Amino acid sequence: TELVVAEYHRKIKEAFEVFDHEANNTVDVREIGTIIRSLGCCPSEGELHDLIAEVEEEEPTGYIRYEKFLPVMTEVLLERRYRPIPEDTLLRAFEVLDPSKRGFLTREELIKYMTEEGEPFSQEEMEEMLSAAVDPESNSIHYKDYIAMMVVD
């Protein structure tokens, strides 16, 4: 277990340092989601919000200190919290949106589903997803390819 913890600490430090632009052991609070996701975790926006509240200072400064982030993130990794959704579950979700089983969604369909249903994507999230998901030639999302790209081994 000590080896596992040491390995997690190394990975957390590496991920944190990428965004510690001032090299002062702090990162902008807006980078925390990216750091957490780079460590293979996929929290919902609500879970991310709770996690940030846990590592934030009593008086929020807009920055997160490494000393506060490290123990919380280590615990998250040890508990295997926020595991990614399995590939077959993602596939079934896309197939629900594609009742005629074409194997793709148009750009317009994806935008409609992601901004009008459930927990709507922000403009920034939508643009990020489209840049990765949309095939520029067909202007559609071949979701099996997109899922294969998203799934982390």
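The model shown is predicted, which means the values in this text are computed figures rather than measured ones.
- Ring centers of Phe16 and Phe69: under 6.0 Å apart, within the cut-off.
- Salt-bridge annotation for Arg65 and Glu56: absent, with no side-chain N of the basic residue lying under 4.0 Å from a carboxylate O of the acidic one.
- Salt-bridge formation is not detected for the pair Glu14/Lys11: no Lys NZ or Arg NE/NH1/NH2 atom is positioned less than 4.0 Å from an Asp or Glu carboxylate oxygen.
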Intermediate values then yes/no, side-chain contact (heavy atoms from CB on, under 4.5 Å), Lys13 and His9 | CA-CA 6 Å; Lys13 184 158 186 55; His9 283 190; over 6 Å; no

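- No side-chain heavy atom of Leu3 sits less than 4.5 Å from a side-chain heavy atom of Glu7.
- Put simply, the side chain of Asp20 gets close to the backbone of Asn24: a donor and an acceptor are under 3.5 Å apart.
- At a threshold of 4.5 Å between non-hydrogen side-chain atoms, the residues Glu109 and Asp98 do not count as touching.
- Under the 4.5 Å side-chain criterion, counting only non-hydrogen atoms from C-beta, Phe94 is in contact with Leu105.
- At least one side-chain heavy atom of Leu110 sits less than 4.5 Å from a side-chain heavy atom of Met126.
- Side chain of Thr74 to backbone of Leu70: a donor-acceptor contact under 3.5 angstrom is found.
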side-chain contact (heavy atoms from CB on, under 4.5 Å) assessment of Ile141 paired with Asp135 | CA-CA 6 Å; Ile141 297 85; Asp135 171 29; over 6 Å; no

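- Under the 4.5 Å side-chain criterion, counting only non-hydrogen atoms from C-beta, Val134 is not in contact with Ser140.
- Inter-residue side-chain proximity for Glu75 and Leu78 is flagged as unmet; no heavy-atom pair is nearer than 4.5 Å.
- Here Ile35 contributes atom CD1 and Cys41 contributes atom SG; the two are 12.0 Å apart, rounded to the nearest 0.5 Å.
- The environment of OH in Tyr82 is crowded: more than 12 heavy-atom neighbours from other residues, nucleotides or ligands sit within 6.0 Å.
- Under a cut-off of 6.0 angstrom, the local environment of NE2 in His49 is sparse, with at most 12 non-hydrogen atoms contributed by other residues, nucleotides or ligands.
- For the pair Leu90 and Tyr143, the minimum side-chain heavy-atom distance is 4.5 Å or more.
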Pairs under 3.5 angstrom only: tabulate donor-acceptor contacts from the side chains of residues 111-120 to other protein residues two or more places apart or in another chain.
unit_1, atom_1, unit_2, atom_2, d
Tyr113, OH, Leu97, O, 3.4
Thr115, OG1, Ile111, O, 2.6

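- With a 4.5 Å cut-off on side-chain heavy atoms, Arg92 and Asp88 count as touching.
- The environment of CZ in Arg80 is sparse: at most 12 heavy-atom neighbours from other residues, nucleotides or ligands sit within 6.0 Å.
- Atom CZ of Arg30 has 12 or fewer neighbouring heavy atoms from other residues, nucleotides or ligands inside a 6.0 Å radius.
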Thr26 and Ile64: CA distance, side-chain angles, deciding distance, side-chain contact (heavy atoms from CB on, under 4.5 Å) verdict | CA-CA 5 Å; Thr26 64; Ile64 301 297; over 6 Å; no

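- The CG atom of Leu51 sits 10.5 Å away from atom OG of Ser44, with the distance rounded to the nearest 0.5 Å.
- When the shell of 6.0 Å around CD of Glu128 is examined, it contains 12 or fewer heavy atoms from other residues, nucleotides or ligands.
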